[in-house]
Q: 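Okay, handing you the structure first.
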Amino acid sequence: MKNETCLKISHLHKSFPGVKALEDISLELYKGEVHALLGENGAGKSTLCKILSGAYVKDSGTLEFDGVQYDGFTPASSQKAGICMIYQELNLVPYLTVYENIFLGKELRKKDGITLDKKAMIRQAKELMESLSIHIDPQITVNKLTVAYRQLVEITKAISENAKLLIMDEPTAPLMNQEVQILFELIHRLKEKGITIVYISHRIEELFEVADRVTVMRDGCVIDTLPMASVTRPELIRLMVGREIGETYPEKAPCTGEIVFSAEHLCSSKVHDVSIHVRAGEVLGLAGLVGAGRTETARLIFGADSKTSGTIKIRNKVVDIKKPSDAIKNGICLIPEDRKGQGVLLKMTVGENITIIKAPEISRLLTISPRKARNISNEYVSALDIKTPSIAQKAILLSGGNQQKVALSKWLAVNTDIIIFDEPTRGIDIHAKQEFYEIIDDLRRKGKAVIMISSELPELIGMSNRIVVLYEGNYVGEIDREEDMTQENILNMASGGGIQ
C-alpha cells in the first residue's frame with residue numbers, strides 16, 4: 001500500500017497578479033503516507049493545497065486522484081472525491097455551535113426525514129471529540145472559543161468526513177504539547193486505515209516524528225522530495241532558504257528601565273486575578289497552557305474585552321481603558337493571534353492597512369493626503385522588509401509572515417510605547433521568525449515595553465527578560481532568572497504547580 005499512488009500532480013502552474021505562485025509542480029503521493037510540505041511563506045505550499053481543495057483554479061497541469069484524472073476541482077467535487085482540508089486560517093462558521101459546524105452539510109435528521117435530530121448530533125459530536133481527547137461543550141458557539149480550541153473543532157470536523165486525502169495546513173500552530181500529541185496519535189491511526197495526509201508545518205522538529213517523506217518547495221517550485229529518515233534539520237533548512245541559516249535569539253541585557261505599564265488584579269469572566277508590569281526596554285513573556293487566559297488578558301489590557309475589576313497604570317498613572325480606542329490613545333497596541341481575522345484587512349491594500357490608524361493625522365477636511373500616506377507606507381515596507389510588489393497590493397495576496405509585518409506596521413506608524421504580541425510567529429517560516437525576533441529586539445532596544453504571548457516555549461524563553469505564568473485565568477508566578485527559565489519549570493507552573 002505504501003507505494004500505491006494516491007495523488008499524481010504533473011506540471012502544475014498557478015499565477016496571481018504580480019506573483020507566480022506555482023511553476024511546473026510535479027509530485028506523487030502514496031496511499032497511507034504522511035507527506036510533509038516544507039518551505040518558507042510564499043513558497044507555494046498553501047496555494048498547491050488550495051488547488052487540491054477547489055479553493056483555487058489551476059492555470060495548467062494535470063491532476064490524477066485515486067486513479068481518476070481531473071481537469072480541476074471545485075470545493076464540492078474535491079470533497080466528493082475524498083479530499084478534505086484543514087486550513088491554517090480556520091474555516092468554521094463562528095455563530096454556529098460546535099456540533100452544528102461538525103455536521104454542517106451532513107445534518108442528521110429524524111425518521112420523518114425533515115426534522116433535525118439535534119440530540120443525536122450533540123451526542124455524536126461529543127463522542128467524536130471524546131475519542132480524540134478533546135473536551136469542548138458541543139453546544140457552545142464557535143465564536144466563544146479561542147483560536148486553539150477552534151483548531152481542535154476544525155480537526156474534529158475534518159476527521160468526521162470520509163476522507164481519502166487529508167490536508168493539514170499548520171495544524172499544530174496554536175497547540176501546546178498535550179494537544180500536539182493527541183493529534184499525532186490520531187494521525188498514526190489514520191495512516192493505518194490507508195488515509196494519505198499532506199502535512200504542512202514550519203515546526204521542522206515535529207516532521208521527524210510524524211512524516212514519512214518531505215517535499216521542499218521554494219519560490220513556487222519543488223526543490224526535492226526525500227524520505228524523512230534520510231535528512232537532517234540543517235539540510236532541510238538549507239533546501240528551504242537556499243543557504244545556511246540557524247535559529248538564534250537576541251542577547252538579553254539586564255532591564256532597569258522605568259515601569260511603563262502595570263495591571264493590578266485584572267478580572268473578567270475568564271481572567272480571575274492577573275497582575276503584571278513591564279519596563280521600558282523589556283520583553284515580558286506570558287506563558288500558559290491553552291485556556292490559561294493569556295489571550296484574554298491581552299484583550300483586557302487592550303480594551304477589546306470588558307474587565308469586571310482591576311487597575312491599569314501607564315507610568316504609574318491610572319488610566320481608564322474601556323475600549324480599544326482608549327488603549328490606542330494611551331500608547332497600547334495589540335497584534336492579535338488571529339492575523340487574518342483581526343490583524344489585517346485582507347481586501348484593503350498594504351498601504352491602506354499601514355496608514356489606517358494614522359489616517360486622522362494625515363488627513364485634511366476628511367481627505368487623506370496621498371503623498372503622506374504613500375511616504376509612510378513605503379517607509380515601513382522598507383523598514384520591515386515587507387515582500388510585496390507595491391503598496392497597492394491587496395493584503396490577502398501576501399504570505400502569512402508579510403501579513404504579520406503589515407499588522408505590526410500600522411502600530412509602529414503611530415509610535416505606540418506598549419506593544420502586545422499574541423503568537424507573533426504562528427504559522428510563519430523559520431526565516432520570517434528570525435526577522436520577527438530581530439524586529440522585537442529592535443523595539444526593546446528603542447525602549448518599547450513588549451508583552452509577548454507564545455505557545456512555543458523555546459521561543460518565549462529565548463525572547464523574554466521575564467516570564468509570567470498563568471493557569472486557568474490566574475497569575476501563578478513569575479520567572480525572572482535565566483537559570484530558572486526552563487521548559488520544565490514553565491510547564492510545571494502552567495499546570496498549577498510551582499518551581500521545584
Side-chain angles (χ1 to χ4, degrees), residues 36 38 40-41 147-148 151 170-181 183-184 200-211 232-238 240-241 244-253 255 282-290 292 294-295 335 337 400-401 404 420-444 450-471 476-495 497 499-500:
L38 190 62
E40 295 189 87
N41 283 101
V147 170
Q151 181 75 307
E170 297 287 351
T172 66
L175 306 183
M176 289 291 283
N177 291 343
Q178 68 272 33
E179 289 88 9
V180 171
Q181 290 307 313
L183 175 63
F184 286 177
I200 302 174
S201 178
H202 292 304
R203 296 179 177 180
I204 297 176
E205 62 278 359
E206 70 187 24
L207 302 186
F208 290 96
E209 183 172 351
V210 75
T232 64
R233 179 187 173 89
E235 288 172 338
L236 289 176
I237 294 173
R238 179 179 56 79
M240 283 171 57
V241 302
E244 299 292 338
I245 186 172
E247 287 179 292
T248 58
Y249 299 103
E251 184 177 347
K252 296 179 187 176
C255 183
E282 179 181 37
V283 177
L284 175 71
L286 278 189
L289 303 178
V290 171
R294 298 166 301 164
T295 293
I335 295 90
E337 62 175 332
Q404 191 76 318
I420 307 170
F421 290 95
D422 193 354
E423 302 288 0
T425 66
R426 184 174 82 88
I428 64 176
D429 60 72
I430 188 171
H431 184 254
K433 279 186 178 183
Q434 200 67 46
E435 288 183 312
F436 254 88
Y437 299 155
E438 293 169 3
I439 289 169
I440 292 171
D441 188 57
D442 182 60
L443 293 170
R444 180 195 63 77
V450 178
I451 299 173
M452 179 174 173
I453 300 169
S454 176
S455 297
E456 295 190 37
L457 291 184
E459 174 177 270
L460 203 63
I461 292 168
M463 293 299 299
S464 303
N465 298 98
R466 290 182 298 120
I467 294 176
V468 165
V469 184
L470 305 182
Y471 172 69
V476 175
E478 180 180 303
I479 302 173
D480 59 6
R481 295 194 308 169
E482 189 74 26
E483 59 267 30
D484 290 335
M485 284 189 187
T486 65
Q487 294 191 54
E488 291 77 12
N489 282 342
I490 294 172
L491 287 172
N492 184 39
M493 293 176 71
S495 301
I499 297 179
Q500 297 291 324

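The analysis underlying the following values was restricted to heavy atoms, covering all of them including side chains, and did not include hydrogens, waters or symmetry mates.
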Q: Nearest 0.5 Å, please: how far is CG in Leu207 from CG in Leu236?
A: 7.5 Å
Q: Could you give the distance from CG (Leu286) to CZ (Arg294), rounded to the nearest 0.5 Å?
A: 8.5 Å
Q: Under 3.5 Å, is there a donor-acceptor pair between the side chain of Glu423 and the main chain of Ser455?
A: yes
Q: Taking it one step at a time, do Glu459 and Met452 satisfy side-chain contact (heavy atoms from CB on, under 4.5 Å)?
A: CA-CA 10 Å; Glu459 174 177 270; Met452 179 174 173; 3.6 Å; yes
Q: Looking at every non-hydrogen atom in both residues, tell me the closest pair between Ser464 and Leu284 and how far apart they are.
A: OG-C, 4.3 Å
Q: In Å, rounded to the nearest 0.5 Å, how long is the span from CD of Glu438 to OH of Tyr249?
A: 13.0 Å
Q: Would you say the side chain of Arg444 lies within less than 4.5 Å of the side chain of Asn465, judging by non-hydrogen atoms?
A: yes
Q: For Phe436, which residues count as a side chain to side chain contact (heavy atoms under 4.5 Å, CB included) partner, sequence neighbours excluded?
A: Gln404, Lys405, Leu408, Phe421, Pro424, Thr425, Ile428
Q: Check side chain to side chain contact (heavy atoms under 4.5 Å, CB included) between Ala292 and all other residues, then give those that pass, not counting sequence neighbours.
A: Leu470
Q: Can you name the residues that form a salt bridge (Lys or Arg N to Asp or Glu O under 4.0 Å) with Asp480, not counting sequence neighbours?
A: none
Q: Once rounded to the nearest 0.5 Å, what's the spacing between atom CD1 of Ile200 and atom OG1 of Thr172?
A: 12.0 Å
Q: Please list, chain by chain and in numerical order, all residues satisfying salt bridge (Lys or Arg N to Asp or Glu O under 4.0 Å) with Glu206, sequence neighbours excluded.
A: none
Q: List in chain and number order the residues that pass side-chain hydrogen bond (donor to acceptor under 3.5 Å, both in side chains) with Thr295, two or more places apart in sequence or in another chain; answer none if no residue qualifies.
A: Glu337, Asp422
Q: To the nearest 0.5 Å, how far apart are CD1 in Ile461 and OG1 in Thr486?
A: 6.5 Å
Q: Drop me the distance from Met485's CE to Arg466's CZ, to the nearest 0.5 angstrom.
A: 8.5 Å
Q: Just by modelled atom types, is the Asp484 backbone N or O under 3.5 Å from a matching donor or acceptor in the Asn489 side chain?
A: yes
Q: Please give me the minimum heavy-atom distance between Leu460 and Ile453, naming the atom from each residue.
A: CD1-C, 4.5 Å
Q: Test Met493 against every option in Val468, Ile467, Ile479 by the side chain to side chain contact (heavy atoms under 4.5 Å, CB included) rule and name the one that passes.
A: Ile479
Q: Listed by chain and number, what are the side-chain hydrogen bond (donor to acceptor under 3.5 Å, both in side chains) partners of Glu483, not counting sequence neighbours?
A: Arg481
Q: At their closest point, which heavy atom of Arg233 faces which heavy atom of Phe208, and how far apart are they?
A: N-CZ, 3.6 Å
